[in-house]
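Scroll down for the structure; my scribbles are underneath it.
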Amino acid sequence: HLNRAVKLEPNEATSLFAFGLLESAERNYEAALSNFKQAHALASDSTPILVQLVVNAMRANRTQIAVDAANKLLQLKPDDSEFLYLLGAASLQHGSLTAAQNALERYTVQRPDDPRACLALGITFARQHEKNEQAKRQFEKCLKLDPTNVEARYQMGLILKSEGDVEKAISMFEEATRGDSQHANVLRDLGSLYLQTGAELKAREVLERAVALNAEDPETHFLLSRLYNLIGESSLAKQHLALFQKIKGQREKLSSP
């Protein structure tokens, strides 16, 4: 029905917007983005269209489009708290840390008890290594607001790991896995610390769970290769080393100009 509507009225933003929502619901984010861009060209001041542009551009990893759309939203409504959050999140994904920090700090003034804000702001600080203490304060705030916040606990663990506080990092990751046993990155990073501390049996359990959840993560394959070499299972070690090299090579090829 939407295909017919677009053919009958190709310059109707409403049909294109609805089509974009359908594509987004089916996780076809590039297709959704194409529809929202066409809708935006026809209705450039529509905030619902711009919001969907930001969200779907982020999901499609088209970060510059997301940042541009978020900036347009704030031009239309400079003090809208949700638009500030979208700009902060989009800027963080784009790697524009100063812009992300500015937007998210403004957002926290308006909504100090929103756990999304302390999480995003904490990650922004954590990516600036000299601001680890500020990052920790944000993640601690998140955990006070919501003790079940797995992502805040995971991010805190990553900082502790980077600082060499292995014992506390392991504790933080273990607590995170109790909150979400399907979080592949937590399992992977916990496995790397188990491996580092000589707990090969524990490392094997969590790394095999991690690779079952996300077989496309090259780091998990590399860690499994190391683990299997350590415990004398050379055939498995070779398999995972080959998978690591294959996935890494594919990603390098995609990222090259």
Side-chain angles (χ1 to χ4, degrees), residues 2-3 5-6 10-78 80-107 114 116-117 119-128 151 154-155 158 183-185 213-219 246-257:
L2 285 170
N3 269 319
V6 171
N11 294 323
E12 175 58 56
T14 305
S15 298
L16 291 162
F17 178 72
F19 215 143
L21 291 176
L22 178 60
E23 295 286 12
S24 181
E26 294 181 336
R27 300 186 180 184
N28 300 323
Y29 300 127
E30 283 287 352
L33 190 57
S34 175
N35 281 285
F36 291 131
K37 286 168 71 177
Q38 291 177 67
H40 174 60
L42 298 168
S44 60
D45 289 341
S46 167
T47 56
I49 292 173
L50 283 165
V51 167
Q52 290 300 325
L53 260 179
V54 177
V55 172
N56 284 276
M58 289 177 67
R59 289 171 176 166
N61 203 30
R62 302 285 291 277
T63 57
Q64 186 62 63
I65 294 173
V67 169
D68 290 345
N71 274 312
K72 180 68 184 292
L73 281 169
L74 280 174
Q75 288 171 13
L76 294 168
K77 293 187 177 181
D80 188 287
S81 58
E82 195 62 26
F83 298 167
L84 277 171
Y85 176 77
L86 286 174
L87 177 59
S91 298
L92 174 59
Q93 187 180 6
H94 190 56
S96 302
L97 299 180
T98 300
Q101 182 177 330
N102 288 340
L104 291 167
E105 285 179 335
R106 287 173 62 196
Y107 179 76
D114 186 342
R116 295 183 306 167
L119 180 61
L121 189 53
I123 294 171
T124 303
F125 286 137
R127 291 187 182 175
Q128 305 168 71
E151 194 61 33
Y154 172 54
Q155 294 294 332
L158 289 176
H183 197 309
N185 288 350
L213 290 164
N214 182 10
E216 296 302 312
D217 181 55
E219 188 179 344
K246 178 183 176 181
I247 296 167
K248 186 180 178 186
Q250 289 172 341
R251 293 189 177 184
E252 288 174 350
K253 187 176 179 180
L254 286 171
S255 64
S256 62

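If you read the sequence from its start, that first residue is 1, and numbering goes on from there.
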Report the residues that fulfil salt bridge (charged side-chain N to carboxylate O under 4.0 Å, His left out) with [X], sequence neighbours left out, ordered by chain and then residue number.
X     : result
Arg62 : Glu30
Asp68 : none
Lys72 : Asp45
Glu82 : Arg111, Arg116

I'd like to check the side-chain contact (heavy atoms from CB on, under 4.5 Å) partners of [X]; sequence neighbours left out, ordered by chain and number.
X     : answer
Ser24 : Tyr29, Ala32, Asn56, Arg59
Asn71 : Val67, Leu87
Leu97 : Leu92, Thr124, Arg127, Gln128

Can you list everything that forms a side chain to side chain donor-acceptor pair (under 3.5 Å) with [X]? Sequence neighbours excluded, please.
X      : value
Glu216 : none
Asn102 : none
His40  : none

Problem set entry | Counterpart residues, ring pair (Phe, Tyr, Trp, His ring centres under 6.0 Å), relative to Phe125 (two or more places apart) |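 Result, ring pair (Phe, Tyr, Trp, His ring centres under 6.0 Å) vs Phe125: none returned.
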- ring pair (Phe, Tyr, Trp, His ring centres under 6.0 Å) involving His183 - partner list, sequence neighbours excluded: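 In terms of ring pair (Phe, Tyr, Trp, His ring centres under 6.0 Å), with neighbours along the sequence ignored, His183 is linked to Tyr154.
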With a 4.5 Å heavy-atom cut-off, do Leu104 and Tyr85 have their side chains touching?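 Leu104 vs Tyr85: side chains touch.
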Handout entry: Non-hydrogen side-chain atoms of Lys77 and Leu73 separated by less than 4.5 Å
Key =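 No, every pair of side-chain atoms sits at 4.5 Å or beyond.
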Quiz question: by atom type and distance under 3.5 Å, do the side chains of Asp114 and Tyr107 form a donor-acceptor pair?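 Their side chains do contain a donor-acceptor pair, which is all the 3.5 Å distance test asks for.
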ask   = Within the distance-only criterion (no hydrogens, no angle test), does the side chain of Asp80 pair as donor or acceptor with the backbone N or O of Phe83 below 3.5 angstrom?
value =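 Confirmed, Asp80 side chain pairs with Phe83 backbone.
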Quiz item: Is Gln93 reaching over with its side chain to a backbone N or O of Met58, donor-acceptor style, under 3.5 angstrom?
Solution: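 Yes; at least one donor-acceptor contact below 3.5 Å.
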Euclidean distance, [Y] [atom2] relative to [X] [atom1], rounded to 0.5 Å:
X      : Y      : atom1 : atom2 : answer
Gln38  : Leu33  : CD    : CG    : 10.5 Å
Gln155 : Ile123 : CD    : CD1   : 4.0 Å
Asp217 : Asn185 : CG    : CG    : 6.0 Å
Asn28  : Phe19  : CG    : CZ    : 10.0 Å
Leu53  : Phe17  : CG    : CZ    : 9.5 Å

For the student: nearest non-hydrogen atoms of [X] and [Y], plus distance:
X      : Y      : result
Val54  : Ala70  : CG2-N, 3.5 Å
Ala99  : Ser91  : CB-OG, 3.9 Å
Ala100 : Gly88  : CB-O, 3.5 Å
Ala184 : Leu213 : CB-CB, 3.9 Å

Inset, instruction - Mind running side chain to side chain contact (heavy atoms under 4.5 Å, CB included) on Phe36 and Leu50 for me, showing each step along the way? - result: CA-CA 8 Å; Phe36 291 131; Leu50 283 165; over 6 Å; no
